[in-house]
Amino acid sequence: MKTETITRELMLINGKWTEAAGKEFFQIENPAKRGTVIAEVPRATAEDVDNAVQAANEAFDSWRKVPARERGRMLWKIADAVDAQFEELARTIATETGNALKTQAKGEAKGVVDVIRYFGGVAGELKGETLPVDNQLFAYTQREPYGVIGGIIPWNAPVQLAALKIAPALAAGNTIVLKAAEDAPLGVLKLAKICADILPPGVVNILTGFGEECGLPLAKHPLVRKLTFTGSTQTGKIIMHEAAERIIPISLELGGKSPQIVYPDADSEKVIDNVMSAMRFARQGQSCSAGSRLYLHKSIYDSFVEKLIAKAKLLQVGDPLDENNDMGSIINEKQYNKVCSYIEEGINHPDIELLLGGLPPAEGPLSEGYFLEPTIFAAPHDDLRLAKEEIFGPVLIVIPWDDEEEVIKMANRSDYGLAAFIWTKDTTRAMRTANLLEAGWVQINRGGGMMTGHSYGGYKQSGIGREYSLESMIESFTQTKSIMIDFDE
Ligand code: ADP
């Protein structure tokens, strides 16, 4: 591999910057410049996991006793410090993930600040209940932290997802050991530096390493009292088995193949912009909530598709750090090859027509990184791998419909159930459809991202539990203790 300026980063265990016990490092590649190493990080294994979990366990006793609003104030300090470094953090995210600075990385860095501030603000809302009984008996509940949380995150929005685990876990009085994704640990380590300056040692521990070598021992560690995982459905099942072994609670935020339903009255430029945003083209489609199945009403099919292609052609693909570009690169070679194989399958399938994009050029600037152009296919039905499986690339499939009941059935005919999008001016119809869709998050005439404070999570194999909100913090990061006092002496 070519090496530019390689920095050697360390992990955070018990407030100290440390190498892996095995002294090994692994390299982080810049996905926009194939074969170029940007940093090395420690290759953590079970021994490092144990050190980190022991540290988090020791820190828990004092951390849980810090008044909740004081914990919240510390989170605010972290948010302020992230805000002060937001440009630099955004550049790190863009460099390691390939996500464009303009459309994605800056928004992610701002989102990190927002999420941490939000959970800092609601830290004091961990309220219990009292029960009406009689004069001699008093019964109440209180919400208590679990202890050490084990968190595992992917690479697609690495720092945002780290913040979504760390902030609510800490606000609720837990400590955490978080494993960053092997492809994108650098932004998470920047967040770790800020946490280390503000929090007592051991409260937040960040490990860098691979899934089986580091993630699995974390999921198996007997002192981890709760697991929270974001990633593929396949890995989620492995983690869930580990949780079952020790009967510990688990939150899972997994894959998706989200439908977008366009009604006849929604054939407009504005809807097309939003449909492209819902498809997450600007993130190369690497989002679990990407609306990658587009069900278009037959009456507007031709006109909508024509406009959609014209607009998608305008998306500039290239160097994620160049703010003229809307789309950056795919995260790594493996993922790039996987997306290319789906595109190839679409091109060769007799029922599928390629409308835009396709396989990437073998020469020229785009071949220097894992770049793919927005790719749009059309098919007369959705009984196809391309319409069923999560591709995690900029690949949209368009399917016609003419009967509402039928399109809702098609939208629900999926093992996934994360997001869904409805496009129509008729709000009554939209709300009726929203009620019938099997998805944890339905947007009507909106294709943007999640809103902090609004619960987010999946139905079916898209996950268990919710994130982003006060309710989710209480459900995911606290347990209820019921206490009764008898006054009769
Ligand atoms: P992706 O294929 O998008 O990388 P994964 O679900 O494989 O998605 O990865 C998400 C996170 O899960 C990463 O941090 C990865 O290291 C971790 N991981 C992968 N396999 C395992 C495993 N067997 N046990 C624990 N963690 C794992």
Side-chain angles (χ1 to χ4, degrees), residues 256-281 285 289-313 342-343 345-358 373-391 393-439 442-447:
K257 186 77 187 178
S258 300
Q260 303 200 45
I261 302 178
V262 185
Y263 280 87
D265 64 351
D267 183 18
S268 76
E269 302 277 336
K270 192 174 166 213
V271 170
I272 287 163
D273 286 338
N274 280 305
V275 161
M276 294 204 304
S277 159
M279 169 55 217
R280 313 285 186 248
F281 270 137
S289 58
S292 51
R293 293 185 282 153
L294 181 64
Y295 295 99
L296 262 185
H297 193 271
K298 276 184 181 157
S299 64
I300 54 162
Y301 189 92
D302 290 339
S303 128
F304 195 100
V305 162
E306 192 184 323
K307 289 200 283 281
L308 174 66
I309 291 170
K311 287 229 163 197
K313 267 189 190 157
Y342 277 108
I343 295 176
E345 181 174 326
I347 290 171
N348 294 325
H349 198 291
D351 290 357
I352 303 178
E353 184 193 354
L354 178 67
L355 301 177
L356 181 72
E373 283 171 315
T375 293
I376 304 179
F377 287 109
H381 61 89
D382 64 357
D383 190 14
L384 299 158
R385 248 166 52 91
L386 258 69
K388 287 180 183 164
E389 296 181 11
E390 183 177 44
I391 298 176
V395 181
L396 176 70
I397 186 152
V398 189
I399 300 136
W401 67 277
D402 57 8
D403 175 69
E404 185 178 276
E405 215 176 298
E406 190 53 34
V407 76
I408 292 170
K409 266 195 205 141
M410 289 197 283
N412 286 340
R413 207 185 297 140
S414 170
D415 290 337
Y416 295 115
L418 191 52
F421 306 84
I422 300 168
W423 306 98
T424 175
K425 293 192 194 88
D426 182 340
T427 340
T428 310
R429 182 160 61 176
M431 289 173 76
R432 189 177 60 216
T433 301
N435 284 348
L436 296 171
L437 289 175
E438 294 168 0
V442 180
Q443 297 205 71
I444 300 168
N445 300 328
R446 180 180 187 270

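Along the sequence shown, residues are numbered consecutively beginning with 1.
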Apply side chain to side chain contact (heavy atoms under 4.5 Å, CB included) to residues K270 and N274 and explain how you reach the verdict.
CA-CA 6 Å; K270 192 174 166 213; N274 280 305; 4.0 Å; yes
Could you report the tightest heavy-atom contact between [X] and [Y], atom names first, then the distance?
X	Y	answer
P400	K298	CB-CG, 3.9 Å
A430	I444	CB-CG2, 3.6 Å
P259	A419	CD-O, 3.3 Å
A379	I352	CB-CG1, 4.4 Å
G393	M279	O-CE, 3.6 Å

Are any of the side-chain heavy atoms of [X] and [Y] separated by less than 4.5 Å?
X	Y	answer
E404	R432	yes
F304	V275	yes
M410	R293	no
V395	Y342	no
L355	L308	no
I261	L437	yes
Y263	I300	no

Could you tell me whether a side-chain N or O of [X] sits under 3.5 Å from a main-chain N or O of [Y], the two making a donor and an acceptor?
X	Y	result
T375	E373	yes
D382	A387	no
S277	G447	yes
N445	T424	yes
S292	K257	no

Ring pair (Phe, Tyr, Trp, His ring centres under 6.0 Å), that's the test. Do W401 and Y301 meet it? Break it down for me.
CA-CA 9 Å; W401 67 277; Y301 189 92; over 10 Å; no
Spatial distance of atom [atom1] ([X]) from atom [atom2] ([Y]) [nearest 0.5 Å]:
X	Y	atom1	atom2	answer
L384	I397	CG	CD1	5.5 Å
E345	R385	CD	CZ	4.0 Å
I376	K313	CD1	NZ	10.0 Å
K409	L436	NZ	CG	11.5 Å
S303	L296	OG	CG	9.5 Å
Y416	K388	OH	NZ	12.5 Å

Do K425 and D265 sit within salt-bridge range, that is, some charged N less than 4.0 Å from a carboxylate O?
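Salt bridge flag = no for D265 with K425.
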Is it true that D267 and K307 make a salt bridge, defined as a side-chain N closer than 4.0 Å to a carboxylate O?
yes
How about E306: does its CD atom have over 12 heavy atoms from other parts shown lying under 6.0 Å from it?
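Counting neighbours around CD of E306, 12 or fewer heavy atoms of other residues, nucleotides or ligands fall under 6.0 Å, so no.
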Evaluate the side chain to side chain contact (heavy atoms under 4.5 Å, CB included) criterion for residues I343 and F377: first the C-alpha distance (whole Å), next the side-chain angles of each, then the deciding distance (0.1 Å), finally the verdict.
CA-CA 9 Å; I343 295 176; F377 287 109; 4.1 Å; yes
Which residue, T427, T433, V262, forms the side-chain contact (heavy atoms from CB on, under 4.5 Å) with I422?
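Exactly one pass, corresponding to T433.
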W423 and Q260: side chain donor to acceptor below 3.5 Å
yes
